[in-house]
Number of protein chains: 2
Amino acid sequence: MSVEPRADTGGDRISAARERFDRLYRTLRDRICLLDYPPGARLREEALAEEFGVSRTPLRRVLGWLEAQGLVRSVQGVGTIVTDVDIVALTQVYQMRMELAELIGKLSPVEPDAETLALFRALQARSRTLAVTPDPRAFAELNLDFFYALLRLTANEPLREISERLYLQTSRIWLKSIPRLDLAEEIAIFSREIADILAAVEIGDLEAAGLTRRSHISMCFARLRAQSARSGARGTQG
Amino acid sequence: MSVEPRADTGGDRISAARERFDRLYRTLRDRICLLDYPPGARLREEALAEEFGVSRTPLRRVLGWLEAQGLVRSVQGVGTIVTDVDIVALTQVYQMRMELAELIGKLSPVEPDAETLALFRALQARSRTLAVTPDPRAFAELNLDFFYALLRLTANEPLREISERLYLQTSRIWLKSIPRLDLAEEIAIFSREIADILAAVEIGDLEAAGLTRRSHISMCFARLRAQSARSGARGTQG
DNA sequence: GTTGAGGCAGTTGTGTACAACATCACGCCG
DNA sequence: CGGCGTGATGTTGTACACAACTGCCTCAAC
């Protein structure tokens, strides 16, 4: 499911070293994408190494991957800084994500099985719960899980990898401005998106699901940009 | 132009360390993509470190990036092996590349300036020279340069990064089977592709250029698969 | 002849000490 | 009072030694 820990194709024995690496990588990645480490935060290798009970060497390998994914940037003498995304780059990524969302319904679509359907219904249930008791963190996690559910709709591995990469790069930027938007309204909109896409998935029309997703990404970005314009010209550059 | 050495946005001073890293990364990447290190080749860290006059530590950072890009895979006790791509993955990547080629003409197209036009014309001249004196290596380099010229047609940075990543992953697989195809014929076809796309670029119709490119990628893969089927059922799995 | 265990050579993974570099505070000088 | 040099401090980058692991070869037992 994940892009990076090179899914052990075939019967590859996963070594203890690689397992440690995967665990560290996912942990740090999630912390970045759920804003535990917000953009601009400085990560210190030694502190992280101590926390995970390893030396700096294997930890630096993990940070190297995060840097390759564009989530952090190491600079000598300063530290490892969580990247931010300026408004221009954000616009470009959102344009790409719109196209990719449409492609998910067109390239190698997979007939949704019972498990996938159950997953989408569970997500819808969670969104209803969230609408009653709004919580930013739970909203972030629901968004992430919903995204991964959407990835199940295509069997095209490169498309999944690319979609994941772009999502992880920008979702945290969107999350960052949630407090300046209307949380309850965003949750309501998101609930409708889940309902719409679930309806499309239930009748097996994945192309419709992709188009729906595309339109929601488009409108989501429009709200983001409108908010950015309202709250002054200060962008998200870091 | 390159995806990985995080183009120093703004006036960032590039440190000596990063410069060394970029040089090593590009060198090794080119060697892999031009088949100096064919799929399955085993890279030894110590030998490479000695060649470049550094220790294993910074070299391992470079190999880590190559692994993140899917070009090599390090496994403890064995070595760092250049990856191969099986026929299923190859098919999926080519499908994605077709879509991306079309997007290059649609997402943030940039009006070709004089420099870009001159570049395309120079590439056409090189293809004509190559048609007279066929050479696999020169063909590989021309293909790479033509690809980078196409990337100039869009300003969408994520699209460029993704296109580059997928191209570098599969071009070497295609190159590998060139000897089993008709080199002269492939060069002739490629010359026509350059001519077609140059014509579209000259009148500023980037969407047409994208569609042309897409159809050529499609036909290129069809020839590749036909050859693969002819030369027995042995795939390119490694 | 076959098969299994054991050791040996070779490779990547890890820990640690030190070098290179950036930032900031402090104090000197104009 | 402002500006600049200089040192202290903290961080990432590098080198090297050793540990962990894999594959192969040898050799003995059956």
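Source: prediction; values computed, not measured. Chain letters run A, B, ... following the sequence lines, proteins first and then strands; every chain starts at 1.
Regarding B/Glu19, its CD atom lies at a distance of 15 Å from the P atom of D/dG13, rounded to whole Å.
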*Base, backbone or nothing for each nucleotide of nucleotides 11-18 of chain C, written B, S, -, heavy atoms under 4.0 angstrom, 5' to 3'?*
BBBBBB--
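Between the B/Gln69 side chain and the B/Arg29 main chain, no donor and acceptor come within less than 3.5 Å of each other. Here the side chain of A/Ser163 pairs no donor or acceptor atom with the backbone of A/Arg160 at under 3.5 angstrom. Formation of a donor-acceptor pair under 3.5 Å by the B/Gln92 side chain with backbone atoms of A/Glu157 is found in this model.
Taking A/Arg44 as the reference, A/Arg42, A/Ala47 meet the side-chain contact (heavy atoms from CB on, under 4.5 Å) condition, with sequence neighbours excluded.
A side-chain donor from one of B/Ser74 and B/Thr80 sits under 3.5 Å from a side-chain acceptor of the other.
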